[in-house]
A.B. asks: 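My questions will all concern the structure given below.
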Amino acid sequence: MCGVVGYIGGRDAVPVLINGLTKLEYRGYDSAGVAVLNDGRINICKTKGRIQNLQDKLLVNPLQGHVGIGHTRWATHGVPSDENAHPHPSGDRKIAVVHNGIIENYMEFKEELEAKGYKFLSETDTETVANLIDDYYRSGMDILDAVFKVLDRIEGSYALGVLCSDFPDQLIAARKDSPLVVGIGDGENFIASDMPAILNYTKNVYLLDDKEVALIKADSVKIFDADRNEVKKDVFTFDWDIEAAEKNGYDHFMLKEIFEQPKVVKDNLSRRFDSNGKVTLDGIKLGKEELANINRIYICACGTAYYAGLIGKYLIERMVRIPVNSEMASEFRYKEPLIDDKTLMIVVSQSGETADTLAAMRLAKEKGARVMGIVNAVGSSIAREADDVLYTLAGPEIAVASTKAFSAQVVAMYLLTIHLAQELGKMDEKTTMEIKGYMEELPSLVNNILAKVPVIQRLTQKYIGSKNVFYIGRGLDYIVGMEGSLKLKEIAYLHSEPYAAGELKHGPIALIEDTTLVVGIVTQEELFEKTVSNIREVKARGARVLAIAMEGNKEIEKYADDVFYIPRTHWMLAPLLANIPQQLFAYYMALGLGNDVDKPRNLAKSVTVE
Ligand code: M6R
């Protein structure tokens with residue numbers, strides 16, 4: 001939810017911190033700040049608003065020093081304000097802390113500290129951590145022991161960066177249930193919530209595990225487990241290019257990421273099929289024998305990843321003929337799910353750090369399930385904790401609205417379905433080869449759709465005054481409408497609902513009026529006639545209809561006001577293609593409405609708190 005960055009080394013810390021924060025701004029952007037240690041003093045500059053506001057403030061009051069921490073915030077405790085912005089100092093500024101996560105039991109400590117005379121300037125949980133470390137340190141503990149003592153007492157999640165003015169040559173970092181890496185440089189080291197923040201300086205990192213604490217100096221990094229034993233970790237090298245985290249001439253990351261999809265789809269298909277059409281998924285060890293031992297499958301995720309999971313459920317049930325429960329991770333834990341050692345739990349996540357998805361996965365693991373992660377972020381918590389990992393190879397996704405990661409997840413669902421069907425003898429070679437042929441065309445078909453941006457721009461201009469937008473369809477078309485509707489909500493701030501077309505008459509049709517836009521998705525030919533009758537019903541009640549159909553379907557033109565055609569493909573691959581115009585529609589709608597596409601209000605990229 002928030003972005004944490006830290007630096008120690010020979011450079012001026014502030015430019016490094018600002019550069020890192022700019023790359024992390026997608027994680028939260030309601031306030032930002034930096035703390036730098038110089039001449040035995042911690043100096044802090046922080047402000048409500050975007051990183052640009054912080055930069056403006058730093059121009060007036062520049063800070064210097066070679067060790068520092070920075071933060072960009074997505075508010076949890078307390079409104080966005082200068083006071084609530086991080087870093088938070090202890091009362092006497094001996095300690096300064098940046099924090100991502102939530103300290104659930106902070107009130108307990110706050111009262112305890114207030115009784116000792118500590119004054120609090122903010123409404124945050126984080127300020128309590130700074131003062132609590134200070135309190136233990138003042139009682140005579142070593143600074144590292146004081147940090148450990150606090151970590152023993154706090155409950156919740158954290159990625160922490162800590163400075164102490166008595167130790168100008170070190171910074172301390174710790175994590176639990178919130179991502180944090182230690183970047184390794186030459187005579188300099190870093191901490192960051194996410195790799196893009198330090199990609200300009202290094203690709204080598206230590207991936208901190210839960211409850212680990214790092215003591216970081218310019219030329220050394222020591223990592224300790226919760227029992228304070230030093231642990232030796234392997235260096236992990238990211239193979240991402242710096243350009244992957246830059247806009248490269250596009251106006252927004254979202255647009256850049258939409259246009260990266262032909263490559264993303266291609267990369268995800270590369271080397272997956274052998275010449276006989278057999279699918280091999282590196283990292284997945286689910287053969288006939290393992291599958292024989294599984295009697296229940298869950299697919300669990302949040303938001304866009306959840307919709308990719310719904311596509312997986314639909315395809316596995318229809319093509320492999322085994323039942324699959326698809327669950328929102330935020331609900332999963334609270335329904336006493338039926339899990340045992342015969343359960344296969346598949347979790348889907350771009351970030352690999354979503355708190356609810358991680359918690360659902362841990363619950364399943366604890367109860368003996370085999371856990372498969374379909375994950376984009378390499379080295380993320382889900383990737384590290386899952387038994388099997390299928391990486392979605394989309395590269396860093398920076399825009400809050402997920403686009404290319406969804407396409408990559410959908411391709412993963414296609415491959416997984418075929419793999420399971422082949423292992424269980426449910427798909428013959430002829431069918432596989434046919435689907436393989438269609439799949440190989442996908443990158444160029446996505447390109448064909450992207451070439452039709454002017455058509456989408458014209459459609460958004462036409463429909464920009466709509467007050468409500470319904471996305472309707474049946475089967476896979478309904479699922480893809482869910483994703484289209486989410487995109488429109490999150491960046492265009494337009495009220496929109498996905499509805500199974502056949503359900504309209506059971507209530508929501510009462511909402512249809514002449515300011516309503518209905519996006520009718522009709523790529524599934526066997527369901528076409530049924531959805532068309534629902535389209536006619538909404539037309540009869542004044543709605544305007546924009547249809548998404550496969551090329552060659554001229555019939556739909558009789559009923560819809562406009563039709564966006566996607567290239568013809570196999571029915572199971574249509575969701576991937578039908579979603580591309582939905583992404584562009586949401587993008588241009590948001591632009592037309594003057595919204596900040598990459599940083600939509602109230603949202604952050606990774607939801608690392610419940
Ligand atoms: O990182 P994850 O895939 O686990 O994130 C899940 C959702 O938070 C995410 O898909 C969210 O719904 C996006 N903002 C949608 O565009």
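Counting starts at 1 for both ligands and their atoms, in listed order. Atoms considered below: every heavy atom in the structure, side chains included; atoms not considered: hydrogens, waters and symmetry mates. Starting from 1, each residue takes its place in the sequence as its number.
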A.B. asks: Tell me: protein heavy atom nearest atom 3 (O) of ligand 1, and distance?
C.D. replies: Q350 N, 2.6 Å
A.B. asks: Under 4.0 Å from any heavy atom of G303, which atoms of ligand 1 are there?
C.D. replies: 12 (O)
A.B. asks: State whether D340 and R296 are salt-bridged, where the test is any N-O pair (Lys NZ or Arg NE/NH1/NH2 against Asp/Glu carboxylate O) under 4.0 Å.
C.D. replies: no
A.B. asks: Is any NZ, NE, NH1 or NH2 atom of the basic residue among K23 and E246 found under 4.0 Å from an Asp or Glu carboxylate oxygen of the other?
C.D. replies: yes
A.B. asks: Measure E353 to ligand 1 on non-hydrogen atoms and call it side chain, backbone, both or neither using the 4.0 Å cut-off.
C.D. replies: neither
A.B. asks: With a cut-off of 4.0 Å, which atoms of ligand 1 are near a heavy atom of S402?
C.D. replies: 15 (C), 16 (O)
A.B. asks: Taking only non-hydrogen atoms of K487, do any sit less than 4.0 angstrom from ligand 1?
C.D. replies: yes
A.B. asks: Decide, yes or no, whether a salt bridge links K313 with E317 under the criterion of side-chain N to carboxylate O below 4.0 Å.
C.D. replies: yes
A.B. asks: Do F332 and Y298 make the cut of ring centroids closer than 6.0 angstrom?
C.D. replies: yes
A.B. asks: Look at the rings of F470 and Y499 and say which category their plane angle falls in: under 30° parallel, 30 to 60° tilted, over 60° perpendicular.
C.D. replies: tilted
A.B. asks: I'd like to know if the side chain of K489 pairs up with that of S485 as donor and acceptor (distance under 3.5 Å, no hydrogens or angles considered).
C.D. replies: yes
A.B. asks: Is E290 salt-bridged to K285, cutoff N-O under 4.0 Å?
C.D. replies: no
A.B. asks: Name the closest protein heavy atom to atom 11 (C) of ligand 1, giving the residue it belongs to and the distance to 0.1 Å.
C.D. replies: T304 N, 4.2 Å
A.B. asks: What atoms of ligand 1 come within less than 4.0 Å of a heavy atom belonging to A305?
C.D. replies: 3 (O), 10 (O)
A.B. asks: Are E483 and K487 ion-paired here, with the side-chain N under 4.0 Å from a carboxylate O?
C.D. replies: yes
A.B. asks: Taking both backbone and side-chain atoms of S351, is any N or O found less than 3.5 Å from an N or O belonging to ligand 1?
C.D. replies: yes
A.B. asks: Looking at V400, which atoms of ligand 1 are within less than 4.0 Å of one of its heavy atoms?
C.D. replies: 13 (C), 14 (N), 16 (O)
A.B. asks: Only heavy atoms of A401, strictly under 4.0 Å: list the atoms of ligand 1 that pass.
C.D. replies: 16 (O)
A.B. asks: What is the closest protein heavy atom to atom 6 (C) of ligand 1, and at what distance does it sit?
C.D. replies: C302 O, 3.3 Å
A.B. asks: Can we say K404 and E397 salt-bridge, meaning some charged N sits less than 4.0 Å from an Asp/Glu carboxylate O?
C.D. replies: no
A.B. asks: To the nearest 0.1 Å, how far is atom 16 (O) of ligand 1 from its closest protein heavy atom, and which atom is that?
C.D. replies: E490 OE2, 2.3 Å
A.B. asks: Could you tell me the residue and atom name of the protein heavy atom closest to atom 2 (P) of ligand 1, and the distance to it rounded to 0.1 Å?
C.D. replies: T354 OG1, 3.2 Å
A.B. asks: Which protein non-hydrogen atom lies closest to atom 8 (O) of ligand 1, naming both residue and atom, and how far is it?
C.D. replies: V607 CG2, 4.1 Å
